[in-house]
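Report on the following structure.
Every chain is numbered from 1 and lettered A, B, ... according to where its sequence line falls, protein lines coming before strand lines.
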There are 2 protein chains.
Amino acid sequence: MFRGNHPARVDEKGRLKVPAEFKRVVDEKYSGAQYYITSLDGKRAQIYPFEEWQRIEEKLARLSTFNPTKKKFLDRTNYYGQVVEMDNQARLLVPSLLREAAQLKGEVAVVGMLTYLEVRNLEAYRKEIEENAFTAEDEATLDGLGI
Amino acid sequence: MFRGNHPARVDEKGRLKVPAEFKRVVDEKYSGAQYYITSLDGKRAQIYPFEEWQRIEEKLARLSTFNPTKKKFLDRTNYYGQVVEMDNQARLLVPSLLREAAQLKGEVAVVGMLTYLEVRNLEAYRKEIEENAFTAEDEATLDGLGI
DNA sequence: CCACTTTCAACCACTTTGTCCCACATCCTA
DNA sequence: TAGGATGTGGGACAAAGTGGTTGAAAGTGG
């Protein structure tokens with residue numbers, strides 16, 4: 001499982017170094033070196049080990065082609081998405097459309113979301129945390145879920 | 001399977017360069033170098049490896065000649081449709097009717113839809129994504145479906 | 001049915017891009 | 001402080017992408 005926040009850099013060529021900690025998880029948990037990198041909101045990249053992405057595809061496949069939410073989801077993930085491979089230095093190429101939309105150059109945060117990773121612009125992430133406090137309402141919701 | 005978005009260009013002659021990644025999939029998964037290129041909505045081109053298109057044809061053939069949806073479907077796909085071949089540079093000619101209707105010149109997005117490809121005007125696609133954000137409501141819908 | 005025109009597919013050659021790999025820098029641990 | 005692990009940069013070369021020319025075929029009109 002991917003957990004926590006590890007700073008990393010996206011270099012001039014658009015390559016993201018996957019922090020060693022996450023690399024280790026990948027090596028022991030997933031077979032291939034393939035990833036699906038995409039974004040739903042255009043503000044953060046999502047990196048799925050390919051097997052995890054396929055799991056999502058399978059669930060989607062059960063929905064009708066004409067389900068509007070599915071269409072919207074696919075339109076968006078397809079726009080930013082690409083299958084990528086890791087090089088020997090544990091780097092992977094972030095598609096340029098996504099790099100621009102989510103402002104992923106230089107310092108970024110690579111965040112573990114249990115089954116996938118997220119890559120975010122550090123500044124934007126910090127701001128969101130500051131301006132978007134966890135409310136009593138949110139706590140109540142978690143409480144309701146027994147967490 | 002075709003996945004993700006690989007930007008490409010349609011040149012002055014109306015030739016679309018199929019991105020290398022998709023070319024690779026075609027080479028290993030499909031026998032012929034033939035494609036059926038068409039469009040249902042006139043806003044985006046669909047490119048089917050010929051074998052995939054035949055699969056659709058067979059399903060259609062089973063329907064009555066008088067099935068109104070079948071007629072409509074064929075009317076539309078026939079309007080834009082053509083069988084095309086790839087040249088040695090992995091390019092294929094987009095029929096001019098379709099090029100004009102879907103504004104396919106210059107920068108386009110070639111998008112993998114698993115069994116076929118879609119070609120869209122990049123600018124129009126970008127706008128659609130930007131103006132059509134994924135809402136909390138949409139997320140709730142997916143959540144409800146267990147995705 | 002022939003001759004002229006136009007179109008288009010195939011090929012060639014050049015340019016650009018991206019991938020892979022090497023080597024160095026930095027950090028952390030022992 | 002030494003040595004391994006992690007992270008960074010950049011260059012070389014192969015792959016991908018582009019544009020243009022030519023010859024054959026299809027289309028058109030007389």
*asked:* Filter on ring pair (Phe, Tyr, Trp, His ring centres under 6.0 Å), then keep only pairs touching residues 126-147 of chain B, sequence neighbours left out; what's left?
replied: none
_Nonpolar side-chain network containing V94(B), other nodes, edges under 4.5 Å_ =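 Hydrophobic cluster check, V94(B): joined to F2(B), V10(B), L16(B), V18(B), F22(B), V25(B), V26(B), Y30(B), Y35(B), I37(B), I47(B), Y79(B), Y80(B), V84(B), M86(B), L92(B), L97(B), L98(B), L104(B), V108(B), V110(B), L117(B), V119(B).
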*Please go through L114(A)'s hydrophobic cluster and name the other residues, only I, L, V, M, F, W, Y counting, with side-chain heavy atoms under 4.5 Å joining them.*
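So far as hydrophobic clustering goes, L114(A) is joined with M1(A).
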To the nearest Å, give me how far apart [atom1] ([X]) and [atom2] ([N]) are.
X: D11(A); N: dC21(C); atom1: CG; atom2: P; answer: 17 Å
X: R91(A); N: dG9(D); atom1: CZ; atom2: C1'; answer: 8 Å
X: E12(A); N: dG10(D); atom1: CD; atom2: P; answer: 9 Å
X: L16(A); N: dT8(D); atom1: CG; atom2: P; answer: 10 Å
X: D87(B); N: dT21(D); atom1: CG; atom2: C1'; answer: 14 Å

_If only side-chain N and O atoms count, and only distance matters, is there a donor-acceptor pair under 3.5 Å linking S31(B) with E51(B)?_
yes
*Side-chain donor-acceptor pair under 3.5 Å between T141(B) and D138(B), yes or no?*
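Note: T141(B) and D138(B) side chains miss the donor-acceptor criterion.
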*What residue pairs, at least two apart or across chains, pass salt bridge (Lys or Arg N to Asp or Glu O under 4.0 Å) with a residue in residues 34-43 of chain A?*
D41(A)-R44(A)
*Quick one, which residues of residues 99-113 of chain A touch DNA chain D with a heavy atom under 4.0 Å?*
none
*asked:* Report for the helix from dC1(C)-dG30(D) to dA30(C)-dT1(D): angle between first-end and last-end helix axes, five pairs each, rounded to 10 degrees.
replied: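 For the helix from dC1(C)-dG30(D) to dA30(C)-dT1(D), the axes at opposite ends meet at about 30°.
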*What residues form a ring-ring contact (aromatic ring centres under 6.0 Å, His included) with Y48(A), not counting sequence neighbours?*
W53(A), Y116(A)
_Counterpart residues, side-chain contact (heavy atoms from CB on, under 4.5 Å), relative to E130(B) (two or more places apart)_ =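 Here the qualifying residues are R126(B).
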*Could you list the residues that satisfy side-chain contact (heavy atoms from CB on, under 4.5 Å) with Q89(B), not counting sequence neighbours?*
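Per chain and number, Q89(B) pairs via side-chain contact (heavy atoms from CB on, under 4.5 Å) with D87(B), R91(B).
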Check nucleotides 4-7 of chain D for protein N or O atoms closer than 3.5 Å to its own N or O atoms and list the pairs.
residue, atom, partner, partner atom, Å
dT6(D), OP1, R24(A), NH2, 2.8
dG7(D), OP2, K17(A), NZ, 2.7
dG7(D), OP2, A20(A), N, 3.1

_Tell me whether K105(A) is salt-bridged to E12(A), with the criterion being a basic N under 4.0 Å from an acidic carboxylate O._
no
*Does OP1 or OP2 of dC21(C) have a side-chain N or O of N88(A) closer than 4.0 Å?*
yes
*Any side chain to side chain donor-acceptor pair (under 3.5 Å) involving residues 64-77 of chain B? Give me the pairs, sequence neighbours left out, ordered by first then second residue.*
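Qualifying pairs: none.
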*Find out if a path of hydrophobic residues (ILVMFWY) with successive side-chain heavy-atom gaps under 4.5 Å connects L93(A) to F50(A).*
no
Are there any protein N/O atoms within less than 3.5 Å of an N/O atom in nucleotides 17-19 of chain C, and if so, which ones and at what distance?
residue, atom, partner, partner atom, Å
dT19(C), O4, K13(A), NZ, 3.4

*Option among R120(B), K17(B), R9(B) that satisfies the salt bridge (Lys or Arg N to Asp or Glu O under 4.0 Å) test with E107(B)*: R9(B)
